[in-house]
Amino acid sequence: MKHFIVLFAGLLLPLVRRTTASPAPHLQRRYGDLVVHEKRAFNDELEARGESNLRRRLESDVTLPLRIALKQRNLDALPEYLLSVSDPFSASYGEHWTHERILEAFAPSPKAHETVRSWLVDVGGFEESRVSVSKNGGWVEVVGGATVAEAEGLLKAEYHIFTRDEGDDVVGCQNYSLPAQVAEHVDFVVPTVQPGIKLVKSEKKRRSLARRDLPVQARDLNVGRAIPPGSLTGCDTAVVPACLKTLYNMSYTPKATDRNTFGIVSHYPLTYLQSDLDTFFGNFSPSLVGKSPTLVSINGGGIEVGPTSDVGEDGWILEYAMTLVAPQPVQLLQSGSAQTSVGGITDISFNEWLDAMDGSYCTSQGGDDFTYDPQLPNPFPGGFADHSCGTIPNATRPLVVSNSQAAHEYFFSEFYLKRQCNEFAKLGMMGVTILYAAGNTGVAGQRGYCLDDNGSLNLNGTNFTPNWPASCPWVTVVGGTQVKPSAASSNTSTAGSHPEEVWNQDLTSGFFESSGGGFSNHFDSPAYQHSAVQAYLKALGKDGKGKFNAKGRAYPDLSANANMFVNIDNGAISIDSGTSGATPTVASIITLVNDARISAGKKPVGFINPTIYSPAFANAFNDIVDGTSQGCKGLQGDRGGGFKATKGWDAATGLGTPNLGVLIEKWLALP
Ligand SMILES: *[C@@H]1O[C@H](CO)[C@@H](O)[C@H](O)[C@H]1NC(C)=O
Ligand SMILES: *[C@@H]1O[C@H](CO)[C@@H](O)[C@H](O)[C@H]1NC(C)=O
Ligand SMILES: *[C@@H]1O[C@H](CO)[C@@H](O)[C@H](O)[C@H]1NC(C)=O
Ligand SMILES: *[C@@H]1O[C@H](CO)[C@@H](O)[C@H](O)[C@H]1NC(C)=O
Ligand SMILES: *[C@@H]1O[C@H](CO)[C@@H](O)[C@H](O)[C@H]1NC(C)=O
Ligand SMILES: *[C@@H]1O[C@H](CO)[C@@H](O)[C@H](O)[C@H]1NC(C)=O
C-alpha cells in the first residue's frame with residue numbers, strides 16, 4: 001500500500017512500508033556519548049491551553065527520507081572573507097572570489113563525510129550502497145529512506161503524527177540525539193524537529209510587497225511635463241524620472257553595457273505588460289519603446305498574464321529601472337509559476353533566486369525548508385517537475401540584484417535566517433550587490449502590528465518588529481524619503497538645500513505608512529556600521545529605549561524617494577508609493593557606478609556597506625534630517641515610537657540618499 005502524508009507544511013512523502021535489519025545501538029558508544037542534538041516543543045501553544053496536537057506514534061515500518069546535513073567549514077570566517085574584498089581599506093578590495101573557490105572554502109570536511117557514513121553503516125545497520133553523499137558534499141542521505149524503527153534506533157527519537165491547525169497531518173519527533181563524535185560534524189537531521197510545526201497563523205506565510213497604490217485621475221497629472229534642470233517642481237505629488245535624476249545627480253550615460261548586468265527579482269503572480277512599458281517609455285524614454293527586460297526564468301517563471309496576475313508592481317519597477325539605466329539592459333529574475341503552486345504549496349521565497357544563482361545552495365546545510373520554501377520538484381500531478389539550481393550562468397549573473405519584498409524577521413527560524421544570510425554574504429564575495437526594501441510600516445510590522453513581551457505579533461504590541469532580509473548585515477537595505485512640498489513649489493535649484501524628508505503617507509484614516517527601519521533581534525551590529533549607529537543611539541537618548549535590540553544590525557543603510565511614482569498600470573496612469581520603488585532606484589544608481597568602474601577596467605562594487613559607511617563617502621549622500629517614521633499601533637498615537645531622522649546615519653533613512661556624480665568619483669578613486 002502506498003499513501004501520502006503531508007509533512008512540514010507541504011512536503012509530500014510517499015510512505016512505503018518495508019522491513020530492514022534492526023540498528024545496532026550498542027555500537028553508538030564507539031562514537032562517544034549520546035547528546036540531545038536538537039529539540040522542540042511541537043505543541044506549546046496548545047499545551048498552554050491544556051490541549052495537545054499529538055495524534056499517535058508513527059508505525060515502525062513506515063519509511064522516512066533520512067538526510068543528514070553536515071556542518072560547513074569556515075562559516076565563522078565568512079564576515080572576514082567578505083570584508084577582505086569589500087572593505088575599501090583592505091589590500092584585496094574588489095578581488096572577488098570565483099564560485100569554485102567559495103565551494104571549496106565552505107565544503108564540509110572529508111572527515112565529516114567519513115564519520116557520518118561509517119556511523120550510518122556501523123550503528124544504523126545500513127549497507128554501504130544505501131549511504132550516499134550529495135554532489136556538493138553538503139549532506140549524507142540514506143538512499144530509499146530509513147524505516148521509522150531504523151531512524152528511532154539511530155537517533156534515540158520517537159516519531160509521531162501531529163495535526164496542524166489547518167488540519168494537515170505532519171510527521172516529526174520532539175528531540176533526537178547523536179553521539180558526540182558525529183554531532184560535531186552535523187548541522188541537523190531531517191525529518192526531525194524542524195521546521196516550526198508549532199502552530200502557525202496564516203500570517204506566517206504573508207510576504208509584503210513594499211508597495212502601495214493610489215488611484216488617480218489622469219487629468220490631475222501633467223505626466224510628460226518638463227522639469228527645468230535642477231528643479232523639483234511638482235515632485236512632491238507626482239514623481240517622474242526627471243525628479244529622481246535631479247535629486248540624485250544622475251547625468252551619467254552607461255558605456256559598458258555589454259559587460260555589465262543588472263537584475264530585478266519578481267515572484268509569480270507578479271508580471272508586467274509590454275504595452276504599459278511602451279506607454280511609459282513613449283513619455284519618458286522614447287529610445288526604449290519596444291524594449292523588454294531579459295527574462296531569466298526561475299522555477300518555471302514566465303511572463304504569465306492572466307486573470308490572477310498583477311501587472312502593477314513589476315510594471316512600475318521596470319518602467320523606472322529601465323529608464324534610469326538606459327541603454328543598459330535589465331534582467332527580470334522571474335520566479336515561480338502557476339505550475340509551482342499546483343496543490344497550493346508554493347509561496348514567495350527568497351531562496352528561489354538564491355538557488356538559481358548558486359546551485360550548491362539548493363542542498364547545502366540541508367537545503368530549502370518547506371515551511372517557507374516551495375517544495376520542488378512539485379510532486380502534485382501537473383506540478384512543476386524541476387528545480388532551478390545554479391541555472392543562472394556565471395557569465396550573465398546579475399552584478400546588482402534589486403528586491404522589493406520584505407517579510408518579518410520574526411516568522412523565520414534562527415537556522416533559516418542564518419543560512420540565508422550566509423548565502424547573501426557568499427554572493428557578496430562573488431561581487432554581487434544585493435538590495436532589499438526596508439518595508440513600508442516604519443518600526444512596525446504590516447498594519448501596525450508589533451511584538452508583545454511574549455514575542456507574539458499583535459496590535460497591542462509595543463516592541464518594534466524588524467523586517468527580513470533587511471536585518472541581515474550582508475545585504476544593503478533601502479529606506480524611503482519624499483520631496484518636501486516647499487522644495488517642490490519653486491523652480492530654484494536644490495543644490496545645498498535639504499529637499500527630502502522621511503517618507504510618511506497618510507492615505508487611509510488611522511493608517512500611516514513610512515520608511516521601514518529598525519534593529520535585528522538575531523544579528524549583531526556589524527563593525528562597518530558600529531560608530532554610525534552608536535552616534536545615533538546617543539542622539540536618541542531614552543527615545544524608544546527597550547523597544548528594540550540596540551545591539552542588533554541596524555537598517556536601512558541608505559534611502560531614496562518612495563513617494564508618488566507616476567507609472568502606467570494596465571493601461572491607466574497610476575501613482576504608487578513604497579520602498580518597492582526606492583530599491584530599484586538605488587539599484588539603478590549602483591548599476592551606473594559599476595558601469596563607470598567596469599569602463600575604467602575595475603571590478604564591480606560588490607557588497608557596498610563597508611564602503612558607504614566609510615568616512616570618505618560621507619559627502620556622497622544627501623543627509624536626511626527631517627521627519628520621523630511610524631511607530632507601533634500599541635504605542636500612544638500612530639507615529640509614537642518611530643525613528644526620527646538626524647544628522648548622519650539614522651534608523652529612518654540610513655546614510656541618506658545617493659549622489660550619483662559624487663559616488664562615481666569616489667568609487668573610481670578606489671582600486
Ligand atoms: C524527548 O522527547 C520525548 C518524547 O518523544 C520526551 O519524553 C522527552 O522528555 C524529550 N527529552 C528532552 C530532553 O526534551
Ligand atoms: C564560469 O564558471 C566556469 C566553471 O564553473 C569557468 O570555467 C568560467 O571561466 C566561469 N566564467 C566566468 C565568466 O566567470
Ligand atoms: C504573555 O503570556 C502570558 C501567559 O500566556 C499572559 O498572561 C500575558 O498577558 C502575556 N503578556 C502579553 C504582554 O501579552
Ligand atoms: C489589546 O488590548 C485591549 C485593551 O486592553 C484588549 O481588549 C484586546 O483584547 C487586546 N488585543 C490583543 C490582540 O491582545
Ligand atoms: C517653473 O518653470 C516652468 C518652465 O520652465 C514654468 O512653466 C513654471 O511656471 C515655473 N514654476 C514656478 C513655480 O516658477
Ligand atoms: C554632481 O556630479 C558631478 C559629477 O558628475 C559633480 O561635479 C557635481 O558636484 C555633483 N553635484 C552636486 C550638487 O553634488
Side-chain angles (χ1 to χ4, degrees), residues 83 85-96 229-232 241-257 259-262 321 323-328 399-400 402 428 431-433 435 476 478 481 493-500 528-529 531-532 556-561 582-625 647-649 653-671:
L83 291 182
V85 297
S86 33
D87 181 338
F89 296 106
S90 161
S92 43
Y93 178 80
E95 292 174 17
H96 302 126
S231 113
L232 293 169
C243 297
L244 302 177
K245 290 185 177 180
T246 299
L247 282 168
Y248 307 131
N249 194 15
M250 300 175 71
S251 57
Y252 181 85
T253 305
K255 328 186 254 282
T257 56
R259 284 162 287 163
N260 199 7
T261 46
F262 172 23
T323 298
L324 294 178
V325 300
Q328 171 65 47
L399 292 171
V400 174
S402 180
V432 179
T433 309
L435 296 134
T476 301
V478 184
T481 63
S493 164
T494 59
S497 68
H498 285 285
E500 294 170 90
Y528 64 72
Q529 66 170 195
S531 68
D557 297 301
L558 75 180
S559 51
N561 178 73
T583 307
T585 300
V586 172
S588 299
I589 287 169
I590 300 300
T591 295
L592 296 173
V593 172
N594 272 346
D595 184 282
R597 277 184 59 91
I598 292 168
S599 301
K602 296 177 185 247
K603 292 283 168 45
V605 294
F607 177 55
I608 62 172
N609 295 12
T611 307
I612 63 176
Y613 281 88
S614 69
F617 274 64
N619 73 342
F621 295 93
N622 311 301
D623 195 3
I624 310 301
V625 295
K647 201 166 171 329
W649 183 90
T653 60
L655 297 162
T657 59
N659 179 331
L660 175 64
V662 178
L663 280 174
I664 288 177
E665 284 170 14
K666 301 270 178 201
W667 249 306
L668 284 179
L670 290 179

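What you see is a predicted model; the values in this text were computed from it and never measured.
A distance of 9.5 Å separates CG of Asn659 from CD1 of Ile664, quoted to the nearest 0.5 Å. Rounding to the nearest 0.5 Å gives a distance of 4.0 Å between OG of Ser599 and OH of Tyr252. One finds the NZ atom of Lys666 at 4.0 Å from the CG atom of Asn619 (value rounded to the nearest 0.5 Å).
Across all their heavy atoms, Ser559 and Val586 have their closest contact at O-CG2, 4.1 Å. Here the closest non-hydrogen pair linking Pro254 and Leu592 is CG-CD2, 3.6 Å. Contact detail for Ala596 and Leu668: the closest heavy-atom pair is O-CD2, 3.6 Å. Across Asn594 and Pro604, no two heavy atoms sit closer than the pair OD1-CA, 3.2 Å. Contact record, Pro499 with Leu247: CG-CD2, 4.1 Å, taken as the closest heavy-atom pair. For the pair Val605 and Arg597, the tightest heavy-atom approach, listed with the atom from each and the gap, is CG1-CD, 3.6 Å.
Each of Glu665, Met250, Lys245 was evaluated against Leu660; a single residue qualifies, Met250, per the side chain to side chain contact (heavy atoms under 4.5 Å, CB included) test. Asn609 pairs in a side-chain hydrogen bond (donor to acceptor under 3.5 Å, both in side chains) with only one of the listed residues (Thr476, Thr433, Asp87), which is Thr476.
Thr657 places none of its side-chain heavy atoms less than 4.5 Å from the side chain of Leu558. Counting heavy atoms from C-beta outward, Leu244 and Asn561 have side chains that approach closer than 4.5 Å. Under the 4.5 Å side-chain criterion, counting only non-hydrogen atoms from C-beta, Asn622 is not in contact with Thr481.
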Item to check | Full working for side-chain contact (heavy atoms from CB on, under 4.5 Å) between Ile608 and Asp557 | outcome: CA-CA 10 Å; Ile608 62 172; Asp557 297 301; over 6 Å; no
Next on the checklist: side-chain contact (heavy atoms from CB on, under 4.5 Å), that's the test. Do Leu663 and Phe621 meet it? Break it down for me.
Outcome noted: CA-CA 8 Å; Leu663 280 174; Phe621 295 93; 4.1 Å; yes
Next on the checklist: What verdict does the side-chain contact (heavy atoms from CB on, under 4.5 Å) test give for Leu670 and Lys602, after you've listed the backbone C-alpha separation in whole Å, the side-chain angles of each residue and the deciding distance to 0.1 Å?
Outcome noted: CA-CA 9 Å; Leu670 290 179; Lys602 296 177 185 247; 5.9 Å; no
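The number of heavy atoms from other shown groups lying within 6.0 Å of NZ (Lys603) does not exceed 12.
Under the 3.5 Å distance criterion, the side-chain polar atoms of Asn260 are matched with a main-chain donor or acceptor of Thr591.
Between Tyr528 and Tyr613, the ring-plane angle classifies as tilted under the 30° and 60° cut-offs.
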